[in-house]
Number of protein chains: 2
Amino acid sequence: MTDDDAGPNRIPFVPVTLSDVAREARVGESTASRVLRNQGSFSERTRSRVKAAAERLGYVPNRIAGTLASTGSRLIGIVVPSFANIVFAEVLRGANAVLDDTDFQSVIGVTDYRQEQEERLVSSLLAWRPAGFILAGLEHSPAATTMLKASGARIAELLDIDGAGLDIVVGFSNEAAGRASARHLVARGYRRIGYVGHDLDRDLRAAKRFRGFAQALAEAGLSLHDREVVGQPSSVEAGKDGLARLLDRRSGLDAVYFSNDDMALGGYFLCLARGLAVPRDLALFGYNGLDIARHTPQPLTTLRTPRLRIGEIGARLLVSGAPAQVVDVGFELVEGATA
Amino acid sequence: MTDDDAGPNRIPFVPVTLSDVAREARVGESTASRVLRNQGSFSERTRSRVKAAAERLGYVPNRIAGTLASTGSRLIGIVVPSFANIVFAEVLRGANAVLDDTDFQSVIGVTDYRQEQEERLVSSLLAWRPAGFILAGLEHSPAATTMLKASGARIAELLDIDGAGLDIVVGFSNEAAGRASARHLVARGYRRIGYVGHDLDRDLRAAKRFRGFAQALAEAGLSLHDREVVGQPSSVEAGKDGLARLLDRRSGLDAVYFSNDDMALGGYFLCLARGLAVPRDLALFGYNGLDIARHTPQPLTTLRTPRLRIGEIGARLLVSGAPAQVVDVGFELVEGATA
DNA sequence: GCACGCATTGGCAGCGCTGCCAAATAGGTT
DNA sequence: AACCTATTTGGCAGCGCTGCCAATGCGTGC
């Protein structure tokens with residue numbers, strides 16, 4: 001009388017196999033297979049019989065078996081640092097849009113910005129024998145690099161081109177992005193420039209931007225007035241607190257460069273709360289064109305990167321068997337009202 | 001002399017199989033298999049030899065073959081409307097955190113809030129014979145429902161409990177969330193209340209919140225003063241524009257309920273830009289505890305839901321083989337400074 | 001010394017599908 | 001009618017692994 005012990009009531013699952021379909025359609029297995037994959041030749045009469053039989057039985061092809069039997073898989077392993085960061089969300093969206101139009105499927109893993117986690121993910125995704133990998137950035141652990149190279153899978157590394165790639169690389173120069181930001185501030189006449197950043201050990205691309213930024217300042221004969229780096233992931237709160245500490249410590253700042261728009265937004269809110277006029281009292285410069293930052297009372301001055309396109313291009317090159325290459329998609333400086 | 005015609009130079013990929021490992025370790029295949037899965041019994045001597053052989057050869061078990069040979073797969077199909085929405089990103093993060101500690105792997109699909117896309121995804125994920133599915137909400141197309149039921153997979157539907165679930169349901173009542181929001185505004189003395197919402201045909205949970213909101217107003221003897229529903233996905237811009245239209249059309253509003261925090265933030269920025277004092281001139285109420293909205297000069301009054309926990313609980317129940325059940329995780333009204 | 005139980009091991013038949021090849025059929029041609 | 005080619009079809013061996021079962025070895029108790 002007890003039937004509530006393990007899961008809901010459900011009809012015992014009886015899988016329908018290709019041979020069931022073949023029998024139902026009164027054809028051989030391989031014929032049924034050819035029809036269902038629409039490959040090779042078969043008569044119209046056969047086609048309709050097999051299709052009808054498959055329909056009638058509710059046949060769902062088993063990709064596991066299919067992949068095992070054929071040589072290459074139709075899986076793409078995707079490894080990103082985070083879902084929450086809009087950058088990766090959009091890259092994923094772009095990649096997915098492309099993969100949706102093919103018969104590739106993506107298997108996704110999230111590293112939380114930890115390289116050892118990336119390594120774990122690569123090795124466990126490898127167990128599915130993916131045809132390709134999509135990764136963020138160019139920096140991977142030696143073990144991960146070795147595994148990737150040995151896997152025979154194609155690899156697309158996205159969002160950064162400052163360094164050596166393994167195969168396909170799609171992105172832009174983070175160092176150049178940092179330099180462009182510094183040059184903008186300098187051209188606008190700012191001289192006492194600070195930096196508020198996050199966790200540069202983890203976010204290596206942010207570190208590259210900072211390097212480029214500092215370098216361009218030096219080229220202009222300036223140096224960073226002060227910096228405040230919080231040891232946590234980027235967030236609005238971290239930006240707010242970081243700027244607060246910077247302002248409390250150092251006077252005379254006329255502009256601040258933030259490691260990204262989340263941080264910059266926090267800074268902007270702090271200015272609003274403290275009654276500082278932006279950009280007269282303090283100019284703010286962000287990075288990455290966060291949607292929200294375009295609609296604040298004063299749109300944020302920032303640098304926008306074509307994240308969606310990066311995902312699209314990466315995925316397309318990967319599945320189309322294009323040769324190894326580096327694609328620089330560039331970036332765009334957005335002149336808002338804050339710098 | 002041409003070797004740059006198809007992808008990077010790479011050693012021809014020679015996969016290492018279990019039988020290679022077995023031969024190298026001078027044991028039988030099944031013994032090697034038992035050691036590598038740490039299952040069944042074997043001597044310490046055998047263990048170390050097999051491990052060493054696997055290590056030496058760089059063996060990566062083939063999950064495709066393993067899954068085919070054993071009965072059940074270790075895959076979980078996850079289908080969410082969007083990556084960009086922080087809600088789903090956090091649910092995913094929670095689910096992934098749990099799955100990472102098991103040997104389940106997730107295969108993710110994104111519907112873009114389109115039910116027909118959900119159906120396509122369910123059917124193509126089914127080809128991987130997943131052990132479980134994680135879905136957003138309770139509303140699915142009839143075909144998708146049929147497929148899911150017939151698949152034999154466990155199913156977790158997240159983020160909503162207003163309706164009938166298929167198996168495991170983890171979330172909260174969106175209608176109750178709407179009611180709680182209305183009661184708060186009424187208790188605070190607001191009487192001329194408006195609504196600014198997005199694409200309710202697509203976002204069915206937002207529609208449920210609106211229903212609950214309107215219902216609670218009615219119970220208090222009030223009715224909605226006016227509403228503005230934009231026919232697009234939620235965004236800061238949509239909230240800003242929506243509120244602008246509402247204000248330009250209707251005077252005397254004292255509070256506005258937004259379909260979520262993105263929208264509300266847009267509304268807040270509009271008030272800042274127009275010099276409206278919040279909440280004196282206009283009170284604002286959001287939904288979903290967007291991180292950013294806690295750090296605006298005035299924190300947004302909103303309703304927070306435990307998204308991470310929802311993902312965690314859903315995944316945990318799914319993989320632990322728990323019986324079908326509904327888990328109400330509730331929500332929390334966050335009294336900010338805007339209502 | 002022999003039977004018994006337990007731990008350990010290897011052989012082998014599939015899992016459901018695809019790829020290869022040979023067989024069967026169809027459609028002309030002389 | 002015999003012959004040839006092109007199309008269509010079915011049989012069957014794997015893909016790499018797991019699950020089952022039988023075989024082996026070893027320590028115990030009588």
Side-chain angles (χ1 to χ4, degrees), chain A residues 13-51 53-54 57-75 103 124 126-131 151-152, chain B residues 13-51 53-54 57-75 103 124 126-131 151-152:
Chain A
F13 177 51
V14 203
V16 180
T17 70
L18 182 65
S19 87
D20 296 330
V21 175
R23 200 176 323 111
E24 174 86 8
R26 305 180 172 290
V27 299
E29 276 190 52
S30 36
T31 302
S33 172
R34 262 172 311 223
V35 170
L36 293 171
R37 284 180 296 150
N38 198 27
Q39 209 210 62
S41 65
F42 41 82
S43 68
E44 168 54 30
R45 204 175 77 97
T46 305
R47 197 197 62 80
S48 61
R49 278 170 61 185
V50 172
K51 289 277 193 188
L57 299 177
Y59 173 69
V60 177
N62 186 330
R63 285 262 220 163
I64 311 237
T67 304
L68 182 61
S70 60
T71 38
S73 92
R74 303 297 262 172
L75 278 177
D103 58 343
S124 72
L126 233 28
W128 294 99
R129 299 294 188 268
S151 74
Chain B
F13 178 52
V14 205
V16 179
T17 70
L18 182 64
S19 87
D20 296 330
V21 175
R23 198 174 327 108
E24 173 85 9
R26 306 180 171 287
V27 298
E29 277 191 51
S30 37
T31 303
S33 172
R34 256 168 281 155
V35 170
L36 293 171
R37 285 179 296 149
N38 198 27
Q39 208 211 62
S41 65
F42 42 82
S43 67
E44 169 53 30
R45 203 174 79 96
T46 304
R47 196 198 64 79
S48 62
R49 278 171 61 187
V50 171
K51 290 277 192 188
L57 299 178
Y59 172 69
V60 177
N62 186 330
R63 283 262 220 165
I64 311 236
T67 303
L68 183 61
S70 59
T71 37
S73 93
R74 303 297 263 173
L75 278 178
D103 57 344
S124 74
L126 233 27
W128 293 99
R129 299 292 188 270
S151 75

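Chain identifiers are assigned alphabetically (A, B, ...) following the order of the sequence lines, protein sequences preceding nucleic acid strands; residue numbering begins at 1 within each chain.
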Which is true for [X] with a 4.0 Å heavy-atom rule: it touches a base, it touches only sugar-phosphate, or it touches nothing?
{"X": "A:Thr67", "answer": "nothing"}
{"X": "B:Thr17", "answer": "sugar-phosphate"}
{"X": "A:Ser70", "answer": "sugar-phosphate"}

Check: B:Arg63 side chain, D:dG16 base, donor-acceptor under 3.5 Å
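Absent.
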Can you sort out the partners of A:Arg47 under salt bridge (Lys or Arg N to Asp or Glu O under 4.0 Å), two or more places apart, ordered by chain and number?
A:Glu44
Take the protein atom [atom1] of [X] and the nucleotide atom [atom2] of [N], then report the distance between them rounded to whole Å.
{"X": "B:Leu18", "N": "C:dG11", "atom1": "CG", "atom2": "C1'", "value": "14 Å"}
{"X": "B:Phe42", "N": "C:dT9", "atom1": "CZ", "atom2": "P", "value": "9 Å"}
{"X": "A:Arg23", "N": "C:dG16", "atom1": "CZ", "atom2": "P", "value": "12 Å"}
{"X": "B:Leu36", "N": "D:dC17", "atom1": "CG", "atom2": "P", "value": "9 Å"}
{"X": "B:Arg34", "N": "D:dC17", "atom1": "CZ", "atom2": "P", "value": "15 Å"}
{"X": "A:Asn38", "N": "C:dC17", "atom1": "CG", "atom2": "C1'", "value": "17 Å"}
{"X": "B:Arg74", "N": "C:dC15", "atom1": "CZ", "atom2": "P", "value": "21 Å"}
{"X": "B:Arg47", "N": "C:dA7", "atom1": "CZ", "atom2": "C1'", "value": "17 Å"}

Below 4.5 Å, heavy atoms only, C-beta onward: do [X] and [Y] meet side chain to side chain?
{"X": "A:Leu57", "Y": "A:Arg23", "answer": "no"}
{"X": "A:Arg129", "Y": "A:Thr67", "answer": "no"}
{"X": "B:Val50", "Y": "B:Val21", "answer": "yes"}
{"X": "B:Leu36", "Y": "B:Leu18", "answer": "yes"}

Respond yes when some side-chain nitrogen or oxygen of [X] is under 4.0 Å from OP1 or OP2 of [N], and no when none is.
{"X": "B:Ser33", "N": "D:dC17", "answer": "no"}
{"X": "A:Arg37", "N": "C:dT18", "answer": "yes"}
{"X": "A:Arg129", "N": "D:dC15", "answer": "no"}

Can you sort out which residues in residues 25-32 of chain A have a heavy atom within less than 4.0 Å of DNA chain C? Ascending by number, please.
A:Glu29, A:Ser30
So, A:Arg49 and A:Thr46: side-chain donor and acceptor under 3.5 Å apart, yes or no?
no
Using the rule side-chain hydrogen bond (donor to acceptor under 3.5 Å, both in side chains), only one of A:Arg63, A:Arg74, A:Arg37 pairs with A:Asp103; which is it?
A:Arg74
If you find the nucleotide of DNA chain C closest to B:Glu44 and the one closest to B:Ala69, which residue's nucleotide is nearer the 5' end?
B:Glu44
Mapping B:Gln39 and B:Leu68 to their closest nucleotides on DNA chain D, which lands nearer the 5' end?
B:Leu68
